[in-house]
Structure formats: structure tokens, C-alpha cells
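Take a look at the structure below.
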Amino acid sequence: MEISNRLFQMEIFSAVGTVAFAFSGYLIGVRKHLDILGIVVVALLTAIGGGIIRDVLVARVPLVFFDYTNLAIIAGTLLVSWLVGLHKRQSRTLNRLFIIADSLGLVAFSITGAQVGLLFGLNAFGVVLLGFITAVGGGVVRDMMVNDIPFILHKDFYGTVSILVAAGLFIMDQTGWVGALSLQLLFLAGLLLRLFAHWSELALPKIGPDSAKG
């Protein structure tokens with residue numbers, strides 16, 4: 001797959017992830033009864049936090065510091081969310097929307113982060129780590145800001161999905177299978193796995209004296 005096509009695909013997944021994570025940040029802000037500034041800050045950091053950490057690791061100036069595209073996407077997402085009155089919906093609806101949005105962001109950013117690793121010629125560990133950090137970094141910042149335990153530490157096979165998606169992209173790259181269709185299939189597979197893990201309460205084993213009690 002040519003570099004130009006990879007960059008184009010990465011921009012698409014980046015836009016999807018930015019919208020999804022900005023939306024999830026908005027929903028968390030509404031759930032926690034934050035004021036307007038609080039909601040904007042949480043949504044912003046959720047959407048760009050992982051990407052900033054990733055870019056620092058590869059010694060690259062974060063794109064958001066000199067390109068307004070992601071900021072415009074975040075602003076548009078927040079405006080639409082407010083105009084459709086999501087803050088007035090029932091908590092059960094908000095919870096379902098949050099899981100879907102968070103899952104979309106997780107998988108999309110796992111792919112974009114791994115793509116950055118491939119563009120920099122990193123090994124398997126580097127590619128998977130960048131995909132993982134890009135995907136979970138913003139969510140960790142979001143959850144800590146509202147005093148929640150980050151999903152990655154205890155919920156729904158969360159971080160494992162990111163690792164599997166990033167590792168899958170690395171394997172595809174090594175075997176020459178990276179293309180628009182294969183990336184879309186990887187995205188769909190990761191999304192379905194994340195949603196299945198959540199609704200079936202799939203989780204990794206816990207260690208500790210009370211772990212057997214569930």
C-alpha cells in the first residue's frame with residue numbers, strides 16, 4: 001500500500017476516532033454534571049490526549065499544535081451533540097451511546113497509532129505500543145479527570161482489544177495485506193470484539209484474594 005494511500009486512510013480513521021472520543025467526552029461531562037467549560041475540556045483531552053502522548057514518544061510535534069482540523073472536528077462534534085439535545089436524554093440511552101462512541105474511538109485510534117509506528121519503521125513492540133497509547137491515552141486522562149477508574153484497568157477486555165487490533169495491523173503489514181478493504185475489515189472486527197466483550201461482560205482474569213467472588 002503506497003505511503004499516500006496509507007496517510008489518507010490514517011486521516012479517515014483519525015477523524016472517526018476524534019469524533020467518537022470527543023462525543024464520549026461530552027457524554028461523560030454530561031453524566032458528571034460538569035459546566036460547559038468542564039465538558040469542553042474533558043472532550044478535548046479525550047480526543048487529542050492519546051495522540052499527543054504518541055507524538056511525543058516519536059519526537060514529533062503534535063499535529064494539533066499547528067493544524068486546526070482536529071480542533072474543528074471536536075468543536076463540530078460538541079455543537080451537534082448539544083443541538084440534538086443529548087444532555088436531555090435518559091441515562092440509559094447516554095450509557096449505550098457512550099459505549100458505542102468509546103468503542104469506535106478505541107479501534108480507530110488503535111489503527112492510526114499503529115500506522116504511525118509503521119511509518120516510522122518501528123518493530124512489533126513499538127507499533128503495538130503506539131497503537132495502544134493512542135487508543136487509551138485520552139480515555140485514561142478523561143476518566144482520571146472525573147475521578148473514575150480508567151476502563152483500561154478493569155473493564156471489558158478494553159486494552160486487550162487495542163493490542164489485538166494494533167498487532168493485527170503489524171501482521172498485515174508484514175505479509176503485504178494492508179489495503180483499504182483490509183483496514184476496514186480490521187476496524188469492523190475490532191469494533192465487534194469490543195462491543196461483544198462489553199455486552200457479554202468478557203474480561204481478563206483478576207488476581208487477588210477476592211477475585212473468585214466476581
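Counting non-hydrogen atoms of neighbouring residues, nucleotides and ligands closer than 6.0 angstrom, the CD1 atom of Ile36 reaches no more than 12 such neighbours. Counting non-hydrogen atoms of other residues, nucleotides and ligands closer than 6.0 Å to CZ of Phe66 gives a total above 12.
Applying the side-chain hydrogen bond (donor to acceptor under 3.5 Å, both in side chains) test to every pair with at least one member in residues 163-184, sequence neighbours left out, gives these pairs: Arg6-Asp173. Applying the side-chain hydrogen bond (donor to acceptor under 3.5 Å, both in side chains) test to pairs two or more places apart or on separate chains, none has a residue in residues 72-82. Within the structure, salt bridge (charged side-chain N to carboxylate O under 4.0 Å, His left out) pairs that include any residue of residues 114-140 do not occur (at least two apart or interchain).
With rounding to the nearest 0.5 Å, the separation of CG in Leu164 from CD1 in Ile171 is 9.5 Å. Of the inter-residue distances, the one linking Ile73 atom CD1 with Thr18 atom OG1 reads 5.5 Å to the nearest 0.5 angstrom. Between the CD1 atom of Ile48 and the CG atom of Leu71 there is a distance of 6.5 Å, given to the nearest 0.5 Å. The line from CZ of Arg96 to CG of Leu27 is 14.0 Å long, rounded to the nearest 0.5 Å. How far CZ of Phe187 is from CD1 of Ile111: 6.5 Å, rounded to the nearest 0.5 Å.
Residues passing the side chain to side chain donor-acceptor pair (under 3.5 Å) test with Ser162, sequence neighbours excluded: Ser110. Residues that satisfy the side chain to side chain contact (heavy atoms under 4.5 Å, CB included) test with Val140, not counting sequence neighbours, are Met144, Pro150, Ile152. Asp67 meets the side chain to side chain donor-acceptor pair (under 3.5 Å) test with Thr69; sequence neighbours excluded. Shown here are the ring-ring contact (aromatic ring centres under 6.0 Å, His included) partners of Phe170, two or more places apart in sequence or in another chain: there are none. Applying the salt bridge (Lys or Arg N to Asp or Glu O under 4.0 Å) test to Arg60 and every residue at least two apart in sequence or in another chain returns Asp55. Partners of Arg31 according to the side chain to side chain donor-acceptor pair (under 3.5 Å) rule, which considers only residues two or more places apart in sequence or in another chain, are Asn95.
Clustering of Ile, Leu, Val, Met, Phe, Trp and Tyr side chains at separations under 4.5 Å places Leu188 together with Leu192.
Placement of Val141 and Leu37 within a single hydrophobic cluster is found when ILVMFWY residues are connected by side-chain heavy-atom separations under 4.5 Å, directly or transitively. Connection of Leu63 to Leu45 is established within a shared hydrophobic cluster, with ILVMFWY side chains joined at heavy-atom distances below 4.5 Å, either directly or through further cluster members. Follow the hydrophobic side-chain contacts under 4.5 Å out from Ile163 and you reach Leu191 in the same cluster. No chain of hydrophobic side-chain contacts below 4.5 Å, direct or via other Ile, Leu, Val, Met, Phe, Trp or Tyr residues, connects Leu185 to Leu169. Leu181 is not connected to Met172 by any chain of hydrophobic side-chain contacts under 4.5 Å among Ile, Leu, Val, Met, Phe, Trp and Tyr, and they are in different clusters.
Residues Val42 and Tyr26 form no side-chain contact, since every pair of their non-hydrogen atoms from C-beta on lies 4.5 Å or further apart. Leu57 has its side chain within reach of Ile133: a pair of non-hydrogen atoms, C-beta onward, lies under 4.5 Å apart.
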Pair Ile74-Val19, side chain to side chain contact (heavy atoms under 4.5 Å, CB included): steps then yes or no: CA-CA 6 Å; Ile74 294 168; Val19 170; over 6 Å; no

Could you go through the side chain to side chain contact (heavy atoms under 4.5 Å, CB included) check for Leu183 and Gln115 one step at a time? CA-CA 11 Å; Leu183 286 174; Gln115 284 275 40; 3.8 Å; yes

Going through the distances and angles, do Val165 and Leu186 end up as a side chain to side chain contact (heavy atoms under 4.5 Å, CB included)? CA-CA 7 Å; Val165 170; Leu186 179 63; 4.2 Å; yes

Step-by-step side chain to side chain contact (heavy atoms under 4.5 Å, CB included) determination, Lys32 to Asn147: CA-CA 10 Å; Lys32 295 294 183 177; Asn147 202 30; over 6 Å; no

Tabulate below the donor-acceptor pairs under 3.5 Å that side-chain atoms of residues 100-109 make, not counting sequence neighbours, or state none.
unit_1, atom_1, unit_2, atom_2, d
Asp102, OD1, Arg142, NH1, 3.0
Asp102, OD1, Tyr158, OH, 3.3
Asp102, OD2, Tyr158, OH, 2.9
Ser103, OG, Ile99, O, 2.7
Ser103, OG, Arg194, NE, 3.2

Please table the atom pairs, donor to acceptor, closer than 3.5 Å between any side-chain atom in residues 116-132 and protein atoms at least two apart or in another chain.
unit_1, atom_1, unit_2, atom_2, d
Asn123, OD1, Phe125, N, 3.2
Asn123, OD1, Gly126, N, 2.9

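For Ala43 against Leu78, the heavy-atom pair with the smallest separation is CB-CD2, 3.6 Å. The minimum heavy-atom distance between Ile53 and Gly137, with the atom names listed, is CD1-CA, 4.4 Å. Residue Ala47 comes nearest to Ala22 through the heavy atom pair CB-N, 4.0 Å, listed as atom of the first residue, atom of the second, then distance.
Distance alone, capped at 3.5 Å, is enough to place a donor-acceptor pair between the Ser24 side chain and the Phe21 backbone.
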